[in-house]
Student: 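One structure, as structure tokens, below. Some questions next.
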Amino acid sequence: MLTVNTGDILREQGEGKGEGNGEGKGEGKGEGKGKGEGVGVGVGVGNTALLEAKLGSAHESLRRGTCAGAAFTQWLTWPQAYDRDEYRRIKSAAGRIQAEAKALVVVGIGGSYLGTRAVVECLASPHYNLLPKTTPDIFFAGNCLSAAHTQEVFDLIGDRDYAVCVVSKSGTTTEPAAAFRLFRAHLEAKYGKQGARGRIYAVTDRERGALKALADKEGYETFVIPDGTGGRYSVLTPVGLLPIAVAGIDTDALLAGAGRAMEAWNAADASSLDTNPAWQYAAARHTLYRQKGKCTEILAFYEPRLRFLGEWWKQLMGESEGKELGGIFPATADLTADLHSMGQYIQQGLRNLMETVLLIDEADTPLAIPYDPDDADGLNFLAGKTLHDINRRAFEGTYLAHTDGGAPNIVIRVPRLDAYHLGGLLYFFMLSCALSCLMLGINPFDQPGVEDYKTNMFALLDKPGYEAEGARLRGRL
Ligand code: PA5
């Protein structure tokens with residue numbers, strides 16, 4: 001497991017010679033040296049001593065629970081401290097859903113949905129529902145207010161047996177609440193109130209919120225979103241684990257990978273840029289942002305099954321860091337597809353970009369280009385090469401082009417895309433994100449800006465208690 005890959009390509013090409021200047025010594029640390037849990041980062045990180053001091057104090061405040069938003073740091077130890085009894089209940093509920101349903105509708109938005117979809121797409125498939133399989137199809141609803149999308153989920157389920165997993169920490173978010181009302185009504189019409197009760201699973205707060213009250217009243221099986229974990233840090237809690245287990249994914253391995261990462265990267269001897277990939281990543285983006293004005297970060301990947309991991313990452317980074325008129329704007333690029341669209345901008349647009357490339361080292365299939373004696377398409381120079389190798393050359397070529405064009409690259413390498421390594425990677429991003437925010441003096445765990453639109457929407461929808469605000473807002477439209 002302790003595969004460390006620190007971006008040899010980058011070293012060979014002279015990248016990572018250090019971004020640090022103006023903050024002390026000015027000589028950067030040029031090589032990613034992570035002895036990580038299967039995640040290595042290759043990048044120049046800047047003034048090592050100063051960055052290590054900042055990271056040390058950020059990490060210490062996180063570990064000790066003295067940082068901003070400290071009440072929401074339960075995710076830090078969760079991969080080992082999770083509730084074993086509840087985990088057993090999750091597995092048995094997943095088994096029941098698999099036995100009784102041909103489809104599961106996961107109702108939730110933001111942190112109550114993106115992590116689940118990311119893991120399912122990474123480890124099962126982006127085309128999971130189209131695959132021949134013994135596990136239920138999984139549909140996502142309540143992540144938008146589109147009538148067409150919601151109706152389509154009903155249509156795709158058809159008359160098949162299904163279950164619903166509704167996820168909402170607050171229990172009051174409009175999108176999932178509205179979708180859940182629709183699916184609950186449909187289930188009750190289909191199975192009767194009692195039958196529906198056995199097919200609804202609620203993942204919500206331990207005691208607060210409308211969903212919790214409804215679940216208690218109706219007798220739904222409930223699972224708890226831990227008090228000390230915000231939505232975007234909750235993928236390894238029941239929020240993600242129940243639907244992920246329904247998809248037949250190895251949740252033990254997912255938690256084990258995160259748990260190993262947690263142990264390794266929070267250990268005392270990991271308080272160093274030499275040994276801690278989460279520190280390296282946080283240091284690199286901090287340096288590029290603060291020293292070089294790179295205020296947009298593009299997470300680029302060469303594997304389409306990472307697309308929703310990118311969506312999850314965007315929420316994690318954007319909602320955690322984008323505050324107080326600052327923070328790095330997170331975007332994604334699905335390569336090589338986006339090289340034929342976004343690539344132009346990355347190469348020659350505004351030079352405020354950094355690119356973080358998420359590389360999966362191991363090919364999961366040996367698919368290779370066949371030899372063609374006619375060679376009418378002129379492709380015999382690729383004959384015998386695997387698509388994975390060709391993809392790797394695409395990365396190398398792109399890396400050279402983009403760095404030549406002034407878009408510095410951070411490279412995160414993961415040995416393979418399995419549950420264990422994905423668990424470690426999820427933890428890696430959450431830890432790096434929290435450290436990045438704390439280095440900037442930002443609370444990583446609140447989202448005051450998200451509340452503003454919710455309040456406006458409630459007012460415009462005439463929610464009781466918001467009437468005066470509604471009238472005022474309508475006057476502005
Ligand atoms: O990260 C967060 O806290 C948010 O994205 C929430 O997950 C999102 O707003 C959904 O909230 P809730 O789970 O309360 O419905």
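Heavy-atom basis, side chains included; hydrogens, waters and symmetry copies ignored. Positions are given from 1 along the sequence. In listed order, ligands and their atoms are each counted from 1.
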Student: Tell me if a side-chain donor or acceptor on T237 pairs with a main-chain N or O of V239 at a distance below 3.5 Å.
Tutor: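 Answer holds: yes.
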
Student: Can the ring centres of F140 and Y113 be said to be less than 6.0 Å apart?
Tutor: yes

Student: For ligand 1, which atoms, with element, lie under 4.0 Å from some heavy atom of E319?
Tutor: 1 (O), 2 (C), 3 (O), 4 (C), 5 (O)

Student: Just which atoms of ligand 1 are under 4.0 Å from any heavy atom in S170?
Tutor: 12 (P), 14 (O), 15 (O)

Student: Distance to 0.1 Å, residue and atom name: give those for the protein heavy atom nearest to atom 11 (O) of ligand 1.
Tutor: T173 OG1, 3.5 Å

Student: Quick check against the 3.5 Å criterion: does D338 have a side-chain atom that pairs as donor or acceptor with the backbone of S341?
Tutor: no

Student: Enumerate the atoms of ligand 1 whose separation from the nearest heavy atom of Q315 is less than 4.0 angstrom.
Tutor: 1 (O), 2 (C), 4 (C), 5 (O)

Student: Give the atoms of ligand 1, by number and element, whose distance to some non-hydrogen atom of K169 is under 4.0 Å.
Tutor: 12 (P), 13 (O), 14 (O)

Student: In terms of atom number and element, which parts of ligand 1 are under 4.0 angstrom from non-hydrogen atoms of G111?
Tutor: 5 (O), 6 (C), 7 (O)

Student: Is a donor from one side chain sitting under 3.5 angstrom from an acceptor on the other, for D250 and Y420?
Tutor: no

Student: Rounded to the nearest 0.5 Å, how far does CZ of F395 lie from CG of N409?
Tutor: 6.5 Å

Student: Just which atoms of ligand 1 are under 4.0 Å from any heavy atom in I109?
Tutor: 7 (O), 8 (C), 10 (C)

Student: Heavy-atom contacts with G231 under 4.0 Å: which atoms of ligand 1 show up? List them by number with element.
Tutor: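 Near G231, meaning under 4.0 Å from one of its heavy atoms, ligand 1 has 1 (O), 2 (C), 3 (O), 7 (O).
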
Student: Can you find a side-chain donor-acceptor pair between Y87 and D252 that sits under 3.5 Å?
Tutor: yes

Student: Does NZ or CZ of R84 lie under 6.0 Å from the centre of the six-membered ring of Y82, at an angle within 45° of the ring axis?
Tutor: yes

Student: Assess, by modelled atom type and distance only, whether the side chains of S320 and R232 contain a donor and an acceptor separated by less than 3.5 Å.
Tutor: yes

Student: Residue-level breakdown please: for K454 versus ligand 1, do any non-hydrogen atoms fall below 4.0 Å on the side chain, on the backbone, on both, or on neither?
Tutor: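 The answer is the side chain of K454.
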
Student: Considering G209, S320, S112, G171, which one's heavy-atom position lies nearest to atom 13 (O) of ligand 1?
Tutor: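 When every heavy atom of G209, S320, S112, G171 is considered, S112 comes closest to atom 13 (O) of ligand 1.
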
Student: Among the heavy atoms of E175, does any lie under 4.0 Å from an atom of ligand 1?
Tutor: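 No.
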
Student: With nothing but distance in play, are any N or O atoms of V450 less than 3.5 Å from an N or O of ligand 1?
Tutor: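 Between V450 and ligand 1 (N or O atoms, distance only) the closest approach is not under 3.5 Å.
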
